[in-house]
Amino acid sequence: MAQITSSGIGSGLDISGLVSQLVQSERASTDNRLNTAEVRAQAKLSAFGSLKSALTSFQTSLEKLQESGLFQGTTATVSDNEAFTVTSDSDAASANYTLVGQQLATFHKIASQGFADSDSNLGTGTLSLSVGTETLNLDISADNGSLRGIRDAINTADDNPGVSASIINDGINSYLVLSATNSGLENEITLSASTTSGDLSSFNFDPDADPQTGPMVEKQAAEDAILKVDGFAVASPNNVFDDVLEGVSITLNQADPDTNANLAIARDDNSVTGAIQQFVESYNKLRGVLDTLTAYDPVSKQAGLLQGDSTTASLSAKLRQSLSLTINGANEDMDTLAEIGITTDFETGKLTIDSEKLDGLVASNFGDFSSLFAGKDGFASQLDSIAEVYTRFDGILDNRSDGYTSQIDRINERREALNARMATVEARYLAQFTALDGLIGELNQTSSFLTSQLSNLPTFNSD
């Protein structure tokens, strides 16, 4: 809207103030109506957003209960957590075991004899480097026949079988050190040389030679990790034992042949009761949101934002009905929520848990909880199906929210049209008052002229 800054020159009228008051008066009723409609639509949009958020959180708690693995889970508890790391899954059987870490796996490491420097050429020929069944044949020429050249040729070879080469200098001599990149007996290093000029025989090493002789020296033998489980010894090249007990993975961190550790594999009762408690808490939060949005306070005569809304009422009714279902296929003594200790408070509509009863049933009837909650007919699946209709993309709540968003857009369009119309009205009033101001100015000038002329007329003496 244009800013009016002038007052009537001819009339002395406050044209700016008059036009502003007339425009404000004319737009006030429409403006108030649009503002009221927008506030109401924004509030409803926010209400449906809050409802969707609470319902989505409720669905998250249902996801855990729909996992059949939850009701088959196990926990692994070991008495020495520093020496052993143990995990278990649903395939593990509940049992107790004794663990003894005999020895850790080691990396094979060998070193050459000392050489005066790292850059002198030692000869030409072929070096055959083997780890397990993999062999690397290196052509040694005048370009790479030094200690440094051999090191670099090994480290950069595309078909390196699993060896890292380095040079150690003790201040007098330089030594080529070869280390297996993987631990265990299966990763022992074998090195043999074939010389065409000079002498490469300094790099021969056979770990199976008895006794081990030659210029290459074994700095660390390759060893498998050895673990005893209830007295049975098993080996692993990398300290991890995945196949000793079905569904159990044991990692040996420290070895002490003289110390026993106890391993207990048990059902994961706590995860089941925790998931059920989370389900109850999430439902109660959802119920609280529903109650707030649909409540009516007779004292203040204030209604919730969605009080009387058919969508919200339908959702609330479906949830209440589902909580009282009897689940087909479940244990007939545990086919309702009430039978496992979950009941509805009739005053608040919220769920309560008899923890003692629930814990006892989880301990004594662990397998029956899967059919009660998981599967297509379980509580979690049926409640999730109800919620999904409302929360999914382009579902019921999205459609309701989109309706209010469109309403807000239409209000803004009407407000823009009102602004354009008021600008026209303002311009019309300004033109009219400006013309009136000019006319009054002319009349004032004429009046002044006539007054002046009349005052100059001769006067007649009656005498």
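- Using a distance-only test at 3.5 Å, with no hydrogens or angles considered, a donor-acceptor pair links the side chain of T273 to the main chain of N270.
- Proximity of a side-chain donor or acceptor of H108 to a complementary backbone N or O of A180 within less than 3.5 Å is not detected.
- The closest side-chain heavy-atom distance from N399 to D394 is below 4.5 Å.
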Practice prompt. Applying side chain to side chain donor-acceptor pair (under 3.5 Å), run through D206 and T190 and close with a yes or a no.
Written response: CA-CA 5 Å; D206 181 1; T190 299; 4.8 Å; no
Item to complete: Apply side chain to side chain donor-acceptor pair (under 3.5 Å) to the pair T294 and T312, showing each step before the final yes or no.
Response: CA-CA 8 Å; T294 59; T312 311; over 6 Å; no
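- The backbone N or O of G162 sits less than 3.5 Å from a side-chain atom of T181, completing a donor-acceptor pair.
- Contact record, A255 with Q103: CB-CA, 3.6 Å, taken as the closest heavy-atom pair.
- No side-chain donor-acceptor contact under 3.5 Å links S90 to the backbone of Q72.
- In this structure a side-chain-to-backbone donor-acceptor pair under 3.5 Å is present from N144 to S141.
- In this structure, the side chains of L178 and L129 come closer than 4.5 Å at one or more pairs of heavy atoms.
- Among residues at least two apart or in separate chains, salt bridge (Lys or Arg N to Asp or Glu O under 4.0 Å) pairs with a member in residues 30-41 are R27-D31, E38-R415.
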Item to complete: May I have the step-by-step check of side chain to side chain contact (heavy atoms under 4.5 Å, CB included) for D139 and T126, ending in yes or no?
Response: CA-CA 5 Å; D139 291 328; T126 302; 3.9 Å; yes
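- A tilted orientation is assigned to the rings of F279 and Y283, their planes being inclined by 30° to 60°.
- Contact record, E347 with D345: N-OD1, 2.8 Å, taken as the closest heavy-atom pair.
- Formation of a donor-acceptor pair under 3.5 Å by the D91 side chain with backbone atoms of E246 is not found in this model.
- Contact between I386 and S322 at its shortest, heavy atoms only, is CD1-OG, 2.8 Å.
- Between S174 and S118, the shortest heavy-atom distance links the atoms OG-OG, 3.3 Å.
- Without hydrogens or angle criteria, N155 side chain to A165 main chain gives a donor-acceptor distance under 3.5 Å.
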Worksheet entry | Derivation and outcome, side chain to side chain donor-acceptor pair (under 3.5 Å), residues S316 and R287 | CA-CA 8 Å; S316 183; R287 175 54 56 190; 2.7 Å; yes
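- For the 3.5 Å distance criterion, the side chains of D117 and S120 qualify, holding a donor opposite an acceptor.
- Rounded to the nearest 0.5 angstrom, I150 CD1 and L200 CG are separated by 6.0 Å.
- How far CD of E413 is from OG of S406: 9.5 Å, rounded to the nearest 0.5 Å.
- Side-chain contact check for V78 versus I250: every heavy-atom pair is 4.5 Å or farther apart.
- Looking at L176 and F115, their side chains never come closer than 4.5 Å, going by heavy atoms from C-beta outward.
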Discussion item. Using salt bridge (Lys or Arg N to Asp or Glu O under 4.0 Å), reason through R148 and D119 one step at a time and then give a plain yes or no.
Written reply: CA-CA 6 Å; R148 192 184 306 276; D119 297 312; 2.7 Å; yes
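- Of the possible polar contacts, none joining the D409 side chain to the N412 backbone as a donor-acceptor pair under 3.5 Å is found.
- Taking every heavy atom of both residues into account, S183 and A105 meet most closely at OG-CB, 3.7 Å.
- Here D309 pairs with R400 in a salt bridge; the nearest charged N to carboxylate O distance falls below 4.0 Å.
- The 12-atom threshold is exceeded at CG of D297, counting heavy atoms of other residues, nucleotides or ligands nearer than 6.0 Å.
- The CG atom of D402 sits 11.5 Å away from the CZ atom of F48 when rounded to the nearest 0.5 Å.
- Applying the side-chain hydrogen bond (donor to acceptor under 3.5 Å, both in side chains) test to residues at least two apart or on different chains, the pairs with a partner in residues 47-62 are K52-D398, Q59-D384, Q59-E388, Q59-T391.
- K376 and S381 get closest at one heavy-atom pair: O-CB, 3.7 Å.
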Worksheet item: Where do N253 and N239 land on the side chain to side chain contact (heavy atoms under 4.5 Å, CB included) test, with the steps shown first?
Response: CA-CA 7 Å; N253 304 318; N239 299 318; over 6 Å; no
Worksheet item: Could you walk me through whether D208 and E188 pass the side chain to side chain contact (heavy atoms under 4.5 Å, CB included) check?
Response: CA-CA 10 Å; D208 294 327; E188 277 187 327; 4.2 Å; yes
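- The number of heavy atoms from other shown groups lying within 6.0 Å of CG (D159) is above 12.
- Note that the CD1 atom of I167 and the OG atom of S146 stand 7.5 Å from one another [nearest 0.5 Å].
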May I have the list of side-chain donor-acceptor pairs in residues 219-230 shorter than 3.5 Å, sequence neighbours left out?
| from | atom 1 | to | atom 2 | distance (Å) |
| --- | --- | --- | --- | --- |
| Q220 | NE2 | F107 | O | 2.7 |
| D224 | OD1 | L185 | N | 2.9 |
| D230 | OD1 | T98 | N | 2.8 |

Discussion item. If you apply the rule side chain to side chain contact (heavy atoms under 4.5 Å, CB included), what do you find for L323 with L337, and how did you get there?
Written reply: CA-CA 7 Å; L323 294 177; L337 289 179; 3.8 Å; yes
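- Between the S314 side chain and the S310 main chain, no donor and acceptor come within less than 3.5 Å of each other.
- Side-chain contact between F205 and I189 is absent, with no heavy-atom pair separated by less than 4.5 Å.
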Worksheet entry | Steps toward side chain to side chain donor-acceptor pair (under 3.5 Å) verdict (Q278, S282) | CA-CA 6 Å; Q278 183 59 45; S282 295; 3.1 Å; yes
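- To the nearest 0.5 Å, atom CG of residue L34 and atom OG of residue S29 are 9.5 Å apart.
- Here the options are L351, D354, T336, the test is side chain to side chain contact (heavy atoms under 4.5 Å, CB included), and the partner is I342; only L351 passes.
- Between V289 and L293 there is a side-chain heavy-atom pair separated by less than 4.5 Å.
- Interatomic distance, CG of N331 versus CD1 of I340, reported as 11.5 Å (0.5 Å rounding).
- Although no hydrogens or angles enter the test, the distance criterion places a donor-acceptor pair under 3.5 Å between the side chain of S236 and the main chain of N238.
- At a threshold of 4.5 Å between non-hydrogen side-chain atoms, the residues L358 and F369 count as touching.
- No side-chain heavy atom of Y175 sits under 4.5 Å from any side-chain heavy atom of V217.
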